[in-house]
Structure formats: structure tokens, C-alpha cells
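Here's the structure we're looking at; comments come further down.
Just so we're on the same page: letters track the sequence lines, and every chain starts at 1.
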There are 2 protein chains.
Amino acid sequence: MSQEGVGVDVDTSVGLLLKQASSALRSAMDAALRPLGMSVTHYACLEQLAQRPGLSNSELARATFVSRQSMNVLLQSLEHDGYVTRPSEAPVGKVLPARLTAAGRRELATATVAVRAVERRMLSNLTDQEETAARRILWSLIASLGRSTETP
Amino acid sequence: MSQEGVGVDVDTSVGLLLKQASSALRSAMDAALRPLGMSVTHYACLEQLAQRPGLSNSELARATFVSRQSMNVLLQSLEHDGYVTRPSEAPVGKVLPARLTAAGRRELATATVAVRAVERRMLSNLTDQEETAARRILWSLIASLGRSTETP
DNA sequence: CACTGTATGTCAGAATACTGACATGAGTCA
DNA sequence: TGACTCATGTCAGTATTCTGACATACAGTG
């Protein structure tokens, strides 16, 4: 039909579908987080920090798929708002390990409720089997893309 | 393990996985498109226009998950570069139907080669069965999220 | 016909993320 | 020891996208 030699079929391209799904998710999370005065990236940062305390700026940036610089300004605002602490002096080298404050943990807990609701809505039409398949497939996609992306 | 009452498990959250996959895809496509002097959004716009000629600015924006305003500036630059044409007068109402020029179609064809390569690499570790499952699952996610997102 | 509601295109300002660039510290190797 | 390489944190400028706002055009309703 639409495969007239030019373009990728919009309805069957996994890439386009992935982009649309991600955009939809981002919109939904954004809407859910906005009432809390929080952005998706803020949430992602807090999330990572909760599960892996002591991550550095660069490690955090890689984990959330943004640049070091963006994460840096984000961490500064998070620090200013009292959600995150970083030592003023680097324990070793220049690496500043970041940690959640109690306030940060509290913010995260509130945000998690909203995020979980979105995720639950997103998965509402999937069986457990499909959900498992989704995880495996997404992992596979990430792995395949990551191969030659992070090592140019 | 990491479900200590706060946060969503990074390794099992379909939402996080989806975001990571999408970021990885975006990076890969960006890298593939950069040599052609093209951004991912440019490509997406051209793609939609190729398959559904005569789409308006707003329709295009919805199809590519960006705001009308962003799509407007994008269309203006695309128009300036000679890839897209829009009538100076609206045939009906204020809606300006956009169409690809020959140059636009040519650009798209070139870009498609690069994009298809990325998509192929992304899907390289998936069986046909999994690929089909991926489409169905992503569709389901989009549908579930779309329900109450576009009608707040 | 007039009025309301919805949708569109567009302008302007703000927020966000990115690339480029620099200095600093750690590790490696001759 | 000294030079070299690599990773990090940070500053600055640029680019892209978003939200807010306005005027306009069509459809429905009294």
C-alpha cells in the first residue's frame, strides 16, 4: 500500500511505533508529574539515585540518557531544592557522589504513585505473558542498538 | 530487591525500558541522519507527508507527536529548503495542505536507506514472531495511553 | 441571522537539552 | 619522575521544543 519505494510504512515500522509509544508515555508521565511540579527527567534522576545511591553526575547522565551537562544543571537545581546532596569536596578524583535527601525520597515516593498509575494504565490491555514478552523484546532492542551507538 | 517501597524497579519497569529503547533509537537515528543534514523530526515529517499527502500543519503535528507550533517552524524551514510546498492561500478555512516536492521525495528516499539500516540493526536479535509481538504490544501501549491523554 | 464552540495558523517568550570547550584529577607507561 | 591519555565537572552559547496568547474560519444552535 504505502510501500511505494519511498519511506517506511508508518503502521508497521517498529521504529515509528516505538517512537510513538515513547512519546505517548512521556506525555502521560508529564501530565501526571506536572501537578507535583516535577519533570520526567527530574523523576528519572531521583529514581536512579534511589536505587543506586552515590552515582556521579556522569553516571546519572548515562543512566537517564541525557548529556552530562544537562544532568549537571538538573542536579544543581535538585540540590538547590534540597532533594539531593553532593559533597563540596570530591572524596576521590573529581567525582561527586550524589545522594537523595529525606525530602528527595519523599518527593520520589509521591511521584512514584503517579508514575505507577500511568504505567498500570499503559499495561492495562496486556496479559502477564505479553508484559514479560515486552520486557524481553525491549531489552533486546536496547542491546542491539547500544552495540554500535555508544562506541562510535 | 529494589522494591523497598520507594521507586519503580529500573530493570523491570516497562516504562523505563520503553524510554531507554526510545532514547537509544533516537540516538541511533540521529547519528544515521546527521551525515545527511537531517534531524529525526524532519525525517518523521517527510515520512508522514509521503504517505499521507496534503496533511495540514496540525495533523502533521499530531502524527509526529510534537506541538503545532514546533511543526510550524519545522514546516517553514522545510518549505524554505524546498522540500515541502504549501499553498499561499487556504483552499478552505485556514487549513494549508502540505505536500512533498520532488526534492523532498528525493531527500526522504536517501534518509529512508539510513533509517531502514538502523531499524534492521535494532531488530537483528528478534525473531519474526517476536517482531510481530512487538508491533502488537506497542500498538496496545499506544492505545492504552492515548485513551485519556489527548482528552484532558 | 447572530452567537457559541471548536479548530487552525501564527507570533512571542520560556524552558530544556545539546554541542563545544576548558581545567582538573587519576591511571598508565617509558 | 614526567608525559600522555582518559574521564569528570563545569561554563558558555546554540538549537529545539514547549506553553501562552491572539486572530481567524467553519459548524451547530437559538
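Across the interface with DNA chain C, nearest-nucleotide mapping of A:Thr41 and A:Gly93 shows A:Thr41 to be the residue nearer the 5′ end.
Under the 4.5 Å side-chain heavy-atom criterion for grouping Ile, Leu, Val, Met, Phe, Trp and Tyr, A:Leu126 is connected to A:Leu25 within one hydrophobic cluster.
Against DNA chain D, the stretch residues 55-63 of chain A makes heavy-atom approaches under 4.0 Å through A:Ser56, A:Asn57, A:Ser58, A:Arg62. Of the residues in residues 69-78 of chain A, A:Gln69, A:Ser70 come within less than 4.0 Å of DNA chain C through at least one heavy atom, sorted by number.
Using a 4.0 Å cut-off, no side-chain N or O of A:Arg86 falls inside it from OP1 or OP2 of D:dG9.
Residues in residues 22-40 of chain A take part in these salt bridge (charged side-chain N to carboxylate O under 4.0 Å, His left out) pairs, two or more places apart or across chains: A:Asp30-A:Arg34. Annotation: salt bridge (charged side-chain N to carboxylate O under 4.0 Å, His left out) contacts involving residues 56-77 of chain A, sequence neighbours excluded, are absent.
Residues that satisfy the salt bridge (charged side-chain N to carboxylate O under 4.0 Å, His left out) test with B:Asp81, not counting sequence neighbours, are absent from this structure. Taking the side-chain hydrogen bond (donor to acceptor under 3.5 Å, both in side chains) definition, one finds that A:Arg136 meets it with B:Glu130, sequence neighbours left out. Scanning for side-chain contact (heavy atoms from CB on, under 4.5 Å) contacts around A:Val84 gives A:Leu46, A:Leu49, A:Leu75, A:Leu78, A:Ala98, A:Leu100, with sequence neighbours left out. Under the side-chain hydrogen bond (donor to acceptor under 3.5 Å, both in side chains) criterion, B:Arg86 pairs with B:Glu79, not counting sequence neighbours. Residues forming a side-chain hydrogen bond (donor to acceptor under 3.5 Å, both in side chains) with B:Ser70 (at least two apart in sequence, or on another chain): B:Ser67. Under the side-chain hydrogen bond (donor to acceptor under 3.5 Å, both in side chains) criterion, B:Glu131 pairs with B:Arg135, not counting sequence neighbours.
When atom types are taken as modelled, the side chain of A:Ser22 and the backbone of A:Leu18 share no donor-acceptor pair closer than 3.5 angstrom.
One atom, CE of A:Met29, and another, P of D:dC18, lie 17 Å apart when rounded to the nearest Å. In this structure, the CD atom of A:Glu79 is 12 Å from the P atom of D:dG9, given to the nearest Å.
Where DNA chain C meets chain A (any atom under 4.0 Å from a heavy atom), the bounding nucleotides read 5' to 3' are C:dA17 to C:dA26.
Between the side chains of B:Ser13 and A:Glu119, a donor-acceptor pair is found at a separation under 3.5 Å.
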Exercise for review: Apply the test side-chain hydrogen bond (donor to acceptor under 3.5 Å, both in side chains) to residues B:Ser140 and A:Asn125: give CA-CA distance (whole Å), side-chain angles for both, the deciding distance (0.1 Å), then the verdict.
Suggested key: CA-CA 6 Å; B:Ser140 177; A:Asn125 286 336; 4.7 Å; no
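Residue B:Ser39 is classed as having no contact, given no heavy-atom separation below 4.0 Å to the nucleic acid.
Looking at heavy atoms from C-beta onward, B:Arg105 lies out of side-chain contact with B:Thr101 at the 4.5 angstrom threshold.
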Each base of DNA chain C marked ( ) or [ ] if paired in-strand (Watson-Crick or G-U under 3.5 Å), | if paired to another strand and . if unpaired gives ||||||||||||||||||||||||||||||
